[in-house]
Structure formats: C-alpha cells, structure tokens
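Indexing begins at 1, ligand by ligand and atom by atom, following the structure's order. Since the model is a prediction, treat every value here as computed from it, not as a measurement.
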Amino acid sequence: MNGMKIAQIQSHVYSDKMKNLEQLDRQMEELAWRKPDLVMLGEMFCCPYETKLFPVYAEPEGGPVWRELSRLAKGYGVCLAAGSVPERDGEGRVYNTAYVFDRAGRQIGKHRKVHMFDIQVEGGQHFKESETLTPGDKCTVFDTEFGKVGLCICFDFRFPELARKMVLDGARLILVPAAFNMTTGLAHWELMFRSRAVDNQCFVAGTSCARDREAGYVAWGHTLLVSPWGDVIEEMDEREGVMVHDIDLSYADKVRAELPLLSARREEVYR
Ligand SMILES: NC(=O)CCC(=O)C(=O)O
C-alpha cells in the first residue's frame with residue numbers, strides 16, 4: 001500500500017510519566033475520526049529531556065510504558081511510531097529508544113539512538129547525552145504495510161550517511177522523532193530535513209515535542225513533513241498541536257525515476 005495518512009502529535013511533556021500517556025490516549029481518541037494510518041510522537045515524549053532523568057525514567061522493553069503504547073496502537077488500530085523513551089537493558093545501560101507498533105500492537109520497529117547529542121555551542125546550547133546514555137549501533141529500516149520505513153532519532157539525522165543507508169536499504173519514508181533547541185532550531189532544523197529529503201528523494205517526518213520555556217531543555221518544536229522533492233508539506237510552530245496528511249509513497253519512486261540521483265551514484269569514485 002503506497003497511500004497513507006500520517007498524524008504527527010507535538011505535545012507538552014509532563015514530568016509525570018503516566019500523565020503523558022493519558023494525554024496521548026486523549027489525543028488519539030480525538031484523532032480517531034480522521035482515521036490516521038500512522039501516528040507519530042516526539043523524542044522523549046514522556047520524560048523531560050534532561051540527562052539526569054533518563055536513568056530515572058528508564059524502563060525495559062516490555063515495561064509499563066511499552067505495554068501502554070502497544071495497547072494504544074491496538075486499541076486505535078493504528079501504526080504507532082511512539083517517539084522515543086529511555087530504555088534500560090539487562091546490564092543497566094540506558095538508551096534513547098524509539099519503538100514502532102503495528103495496528104495489532106506488535107512491535108515492528110526499534111531504534112536506539114546511534115549518535116549521542118554532545119554539543120557545546122559558545123553562548124548557546126550545551127548538552128551531553130553520553131553522561132547517562134549508551135549509543136545504539138544499528139541503522140534501522142523495518143517493514144510496514146506501507147513498505148519499508150527508516151527510523152532514527154534527532155541528532156542521528158545530522159549524519160547523511162545514516163539516512164543514505166536507510167534509503168539504500170529500501171526506505172521511502174524516514175521517521176525522525178526529535179527535539180532541536182533554541183540555538184540550532186532556527187539555523188538548522190528545516191534545512192536539515194529538506195536536505196535529507198532532497199538528497200535521498202524520500203519523505204521525511206520530523207516530530208518534536210512542544211516548546212516549554214520552563215523546561216531545563218527548551219525544544220524548538222516545528223514538527224514538519226517534507227516531500228521527496230524537498231517541499232515542506234507543513235511545518236508547525238512551537239505550540240502543542242497535531243498535523244495530519246495524506247501522502248503517497250510512490251511519489252518517491254516518481255521523483256527517483258525523473259531525477260535519477262540514487263541510481264546515478266558512482267560509488268567507486270566516493271570510496
Ligand atoms: N535531541 C537531539 O538530538 C537534539 C539535536 C539538536 O538539537 C541538533 O541541533 O542537532
């Protein structure tokens with residue numbers, strides 16, 4: 001199936017983990033009449049984005065948050081790309097992990113953020129995910145009823161090699177739960193999404209949490225959806241909200257046929 005209706009929810013993050021899930025249940029109920037096929041959330045949508053809190057909020061795969069997300073996907077009969085959450089493994093390591101569930105509530109995708117967001121911009125944003133998080137080591141593309149979909153988390157999308165690999169592995173849509181900030185948001189957010197979309201001739205969906213000026217980390221917001229031609233289909237502002245769009249993934253095939261960038265690559269020259 002090439003056609004799909006994608007809903008992106010830009011929500012407020014409460015410090016009460018369960019309150020975020022209750023909010024999500026309400027949002028999905030309100031969305032139900034629009035019949036989305038896929039609902040997507042932002043990075044760390046149920047944990048304030050602070051390094052010291054990741055281990056506190058972390059749960060294993062299959063834990064209470066995971067079970068509730070699976071239940072919501074099944075209950076509303078949608079594919080749920082559930083932003084990202086802190087995940088604890090059996091050895092006590094914590095990851096920034098994105099889970100995706102199908103309409104039956106089965107996990108069909110999982111990505112552990114590969115590139116740690118460790119930056120220090122003079123007079124601007126400082127952050128060090130690696131203080132408490134362990135990086136994943138895989139490029140993620142998974143099968144869905146809409147074909148192959150790529151998945152990575154925020155800072156991962158700054159690395160063109162990762163997006164290129166997802167596309168060479170068959171992705172026509174890349175999902176990016178994210179949370180840019182007030183230093184890099186205006187400068188790079190839209191530019192990055194449009195660049196990845198144009199280079200890879202695929203749809204890209206970047207979903208952020210809403211801006212909260214009281215939070216330790218102030219998110220840029222601006223959830224957006226970009227076409228394989230590089231057009232911004234829609235971009236939100238910084239406030240809470242939802243956007244819903246019908247997209248046809250075969251448009252990526254059309255753009256790739258008309259402007260054959262992927263097939264015209266000269267790997268032997270780049271090596
Ligand atoms: N949560 C993140 O990975 C933030 C990435 C970011 O803001 C950037 O500029 O890159």
Compare every heavy atom of A197 with every heavy atom of V204, then report the nearest pair and how far apart it is.
CG2-CB, 3.9 Å

If you draw the axis of the six-membered ring of Y99, does the NZ or CZ of K110 fall within 45° of it and under 6.0 Å from the ring centre?
no

Determine whether the side chain, the backbone, both or neither of F117 has a heavy atom under 4.0 Å from any heavy atom of ligand 1.
side chain

Backbone N/O of V218 and side chain of N181: donor-acceptor pair under 3.5 Å:
no

Between H188 and ligand 1, which residue portion shows a heavy-atom distance shorter than 4.0 Å: side chain, backbone, both, or neither?
neither

Does K254 form a salt bridge (Lys or Arg N to Asp or Glu O under 4.0 Å) with E258? I'd like the steps, not just the answer.
CA-CA 6 Å; K254 181 172 185 289; E258 290 173 353; 2.8 Å; yes

Could you tell me how the ring of F127 sits relative to the ring of Y49: parallel (under 30°), tilted (30 to 60°) or perpendicular (over 60°)?
parallel

Specify the protein heavy atom at minimum distance from atom 7 (O) of ligand 1: its residue, its atom name, and the distance to 0.1 Å.
N181 ND2, 2.8 Å

Are the ring centres of F101 and W66 closer than 6.0 Å?
yes

Among protein heavy atoms, which lies nearest atom 10 (O) of ligand 1, and at what distance?
R158 NE, 2.5 Å

If you compare all heavy atoms of A210 against all heavy atoms of H12, which two are closest, and at what distance to 0.1 Å?
CB-N, 4.2 Å

Min heavy-atom dist M44 to ligand 1 below 4.0 Å:
no

Ligand-residue contact atoms, ligand 1 with E43, heavy atoms, under 4.0 Å
1 (N), 2 (C)

Under a heavy-atom criterion of less than 4.0 Å, does Y49 contact ligand 1?
yes

Note: ligand 1 atoms sitting under 4.0 Å from heavy atoms of T184 are 6 (C), 7 (O), 8 (C), 9 (O)

Report the C-alpha separation of F159 and H115 in whole Å, then their side-chain angles, then the decisive distance to 0.1 Å, and conclude whether the ring-ring contact (aromatic ring centres under 6.0 Å, His included) test is met.
CA-CA 9 Å; F159 298 83; H115 303 91; 3.8 Å; yes

Would you say C154 and ligand 1 have an N/O pair spaced under 3.5 Å apart?
no

A179: numbered ligand 1 atoms lying under 4.0 Å from its heavy atoms
1 (N), 2 (C), 4 (C), 7 (O)

If we set the cut-off at 4.0 Å for heavy atoms, which region of Y217 has an atom near ligand 1: side chain, backbone, both, or neither?
side chain

Atom 3 (O) of ligand 1: nearest protein contact (heavy atom, Å)
K113 NZ, 2.7 Å

Determine whether more than 12 heavy atoms belonging to other residues, nucleotides or ligands lie under 6.0 Å from atom CD of E214.
no

Within ligand 1, which atoms have a heavy atom of F155 less than 4.0 Å away?
3 (O), 10 (O)

